[in-house]
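Excluded from the calculations below are hydrogen atoms, water molecules and symmetry mates; all remaining heavy atoms, backbone and side chain alike, are included. Along the sequence shown, residues carry numbers from 1.
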Amino acid sequence: MLLNDKLEPYRLLLASQSPRRRELMTGCGLPYELAEKFDCEETYPDDLPLIGVSEYLSTLKSEAYPVPLLENDILLTADTVVLAGGEFRMTAEGSTWHGGEILGKPRDRDDARRMLKILSGAHHLVTTGVTLRSAARMTHFTSLTYVWFRTLTDEEIAARRDMRGVATFTIDPADAKDFDDALSIRRLENGNYEVGVHIADVTHYVHPGDLIDTEGQNRATSVYLVDRTIPMLPERLSNGLCSLRPHEEKLCFSAVFELDEQAQVLGEWFGRTVIYSDRRFTYQEAQEVIETGRGDFADEILKLNGLAQTLRKERFRNGSISFEREEAKFDLDENGKPLRVYFKEMKESNQLIEEFMLLANRRVAEFVGRKRKGAQNAERTFVYRVHDKPNSDKMAQFRSFVLRFGYQMKAEGNKAVAKEINLLMKKIHGKKEENIISTLAIRSMAKATYTTDNIGHYGLAFDYYTHFTSPIRRYPDMMVHRLLAHYLAGGKSEDKEYYERLCEHCSAMEVRAADAERASIKYKMVEFMLDKLNEEFDGHISGITEWGIYVELEDTKIEGMVALRDMTDDFYLFDEENYSVKGREHGRTFTLGDEVRIRVVRADLQRKQLDFDLVASYDFDTKEATPVE
């Protein structure tokens with residue numbers, strides 16, 4: 001092996017306290033320093049940092065995928081270690097490189113493993129993919145595996161605003177793997193606060209028209225099913241190179257704001273940055289800091305939370321609508337079988353992130369969309385996230401529906417209606433009718449879409465709004481990053497028709513993804529009930545049609561149907577106007593929101609359907625049960 005003399009110009013930081021790894025570095029004659037702040041044990045376990053075949057790259061067939069290599073890139077293949085300069089081409093059949101300098105060749109499987117061990121301990125060599133081909137001496141690699149290494153160059157850092165010295169952290173769900181946003185905060189000399197909203201700079205790595213961009217554009221969005229994620233981008237990008245993981249220098253596209261104590265925006269800056277995330281928080285960990293006032297970066301989190309709550313109050317004062325429906329989550333066993341159904345609760349830590357993402361999205365859209373003085377007054381093509389005003393007929397039906405529960409809505413005018421809906425949401429919070437009413441309220445609203453024609457966002461009460469903050473999982477955000485960078489550089493307006501076609505495609509794919517996610521949840525809910533046949537549960541009527549009564553169970557919010565043909569105590573007729581069914585002979589009535597008891601009789605996984613028998617109904621006031629014969 002020839003690695004030691006060629007790698008000496010690069011500072012190697014051993015990111016593990018493992019004595020075995022120290023011996024490995026010393027035995028290879030490689031000088032190293034201990035990187036005490038950097039812990040890569042999660043990213044690079046003691047066995048090899050190899051993660052199997054990328055589902056995404058297996059679709060490449062025989063098309064060549066070019067990867068330009070920078071001067072200090074190091075590329076590993078099954079046969080060689082190459083110091084960059086040149087280009088690497090990857091196909092489903094194999095890989096080739098041109099113009100690089102050979103550093104060394106592994107003599108056998110153990111030698112190849114040894115090379116990877118050395119490089120996986122280097123702090124400034126960030127994993128983005130290497131290629132190890134299946135070969136006779138490496139029989140444990142059954143197929144292509146991608147793991148090439150790349151460093152941030154001085155030129156890249158110099159061209160960006162350097163924010164590595166500012167306290168920065170991410171707050172995400174506990175099971176998150178792709179961290180596409182981070183927050184930074186520092187106190188300015190004038191007493192105000194500089195808050196940075198840092199978003200993974202995906203478009204630095206993914207360029208228009210290349211293979212990854214084309215596939216990302218086709219997919220348009222990541223799809224989050226209960227037991228798996230179908231990513232928009234290869235996981236080497238979404239979970240590795242672009243992910244804002246702690247203790248790693250990362251390239252970002254940032255929105256930086258100067259805020260006063262009242263969360264008023266006094267100044268803003270948009271552009272490309274390099275950051276260093278000091279800490280990865282889960283929502284639960286950040287919430288604990290908010291509630292106790294103690295923990296890592298407590299001062300920063302408490303200040304950000306205070307500003308976020310001020311922004312939130314102002315947003316609702318301006319007519320933003322609050323739809324905070326509970327999101328179903330599952331505990332799964334190793335085979336994907338659901339063991340428990342629970343619901344994610346939105347707390348202040350969630351709201352903290354939400355408000356700053358909304359702020360960045362809104363101000364980016366305003367920056368591009370607002371008319372400017374002088375020669376630049378022409379409208380610039382941009383991708384907006386819009387939400388139209390509610391349809392008056394649908395709102396009239398909704399008013400009629402909530403009246404049955406004793407809630408009156410009389411307001412007219414968009415802002416007044418929004419405030420009245422918020423008041424209604426507060427009144428129904430925690431009550432049995434909450435899920436039904438909030439569901440129908442959402443259905444009464446228009447659907448948010450992407451377009452180049454800005455009409456504002458009714459639900460958020462914003463005149464300008466876009467999606468800037470999630471380019472790892474949404475293609476419209478990548479379009480926004482490219483357009484923003486283009487206009488920041490003084491570019492002219494882009495082709496409106498081209499971007500409108502992309503907006504229509506992304507809106508359609510978003511609906512498709514949402515349908516798939518709902519179907520996945522429904523499937524797992526039915527699967528959860530498979531071993532509960534003939535058991536009885538309390539619930540309430542969540543829907544009524546001419547063929548049956550839908551019942552949502554109280555504890556799990558799982559929904560099934562009682563077919564009218566199976567209710568043999570009478571012949572029931574559907575009353576569409578009053579959202580009820582009524583027995584023709586005895587006059588017994590069942591209406592939306594009624595509390596009932598059911599028995600599970602069938603669970604059809606293929607059709608994702610649950611069939612119930614009605615056992616009893618409960619009196620609204622006395623809660624006394626009346627059996628159904």
Between [X] and [Y] (side chain of the first, backbone of the second, donor and acceptor by atom type, cut-off under 3.5 Å), is there such a pair?
X: Gln287; Y: Glu348; result: yes
X: Thr292; Y: Arg294; result: yes
X: Asp178; Y: Ser243; result: no
X: Thr229; Y: Tyr224; result: no
X: Arg187; Y: Gly191; result: yes
X: Asp180; Y: Ile199; result: no

Sequence neighbours excluded, which residues qualify as side chain to side chain donor-acceptor pair (under 3.5 Å) partners of Asp296?
Arg279
Quick test of your reading of the model: are [X] and [Y] salt-bridged, counting only N-O distances below 4.0 Å?
X: Glu261; Y: Lys303; value: yes
X: Asp515; Y: Arg512; value: no
X: Glu510; Y: Arg385; value: yes
X: Glu504; Y: Arg501; value: no
X: Arg362; Y: Glu314; value: no

Enumerate the ring pair (Phe, Tyr, Trp, His ring centres under 6.0 Å) contacts for residues 178-203, please, sequence neighbours excluded, ordered by first and then second residue.
none
Donor + acceptor pair across side chains of [X], [Y] (<3.5 Å):
X: Arg312; Y: Ser322; value: no
X: Glu500; Y: Thr451; value: yes
X: Ser320; Y: Arg315; value: yes
X: Tyr475; Y: Gln217; value: yes

Please state whether the rings of [X] and [Y] are parallel, tilted or perpendicular, taking 30° and 60° as the class boundaries.
X: Phe253; Y: Phe468; value: perpendicular
X: His387; Y: Tyr458; value: tilted
X: Tyr464; Y: Tyr384; value: tilted

Side-chain touch Val368/Phe270, heavy atoms, less than 4.5 angstrom
no
Quick check: do Arg164 and Val274 have side-chain heavy atoms less than 4.5 Å from each other?
yes
For the student: nearest non-hydrogen atoms of Ile157 and Asp162, plus distance
CG2-OD2, 4.3 Å
Taking all heavy atoms of His481 and all of Pro471, pick out the closest pair and write down the distance.
CE1-CG, 3.7 Å
In terms of heavy-atom contacts, does NZ of Lys177 have more than 12 from other residues, nucleotides or ligands at under 6.0 Å?
no
Among pairs that include at least one residue of residues 482-497, which meet salt bridge (Lys or Arg N to Asp or Glu O under 4.0 Å), considering only residues two or more places apart or in two chains?
Asp213-Arg482, Asp453-Lys496
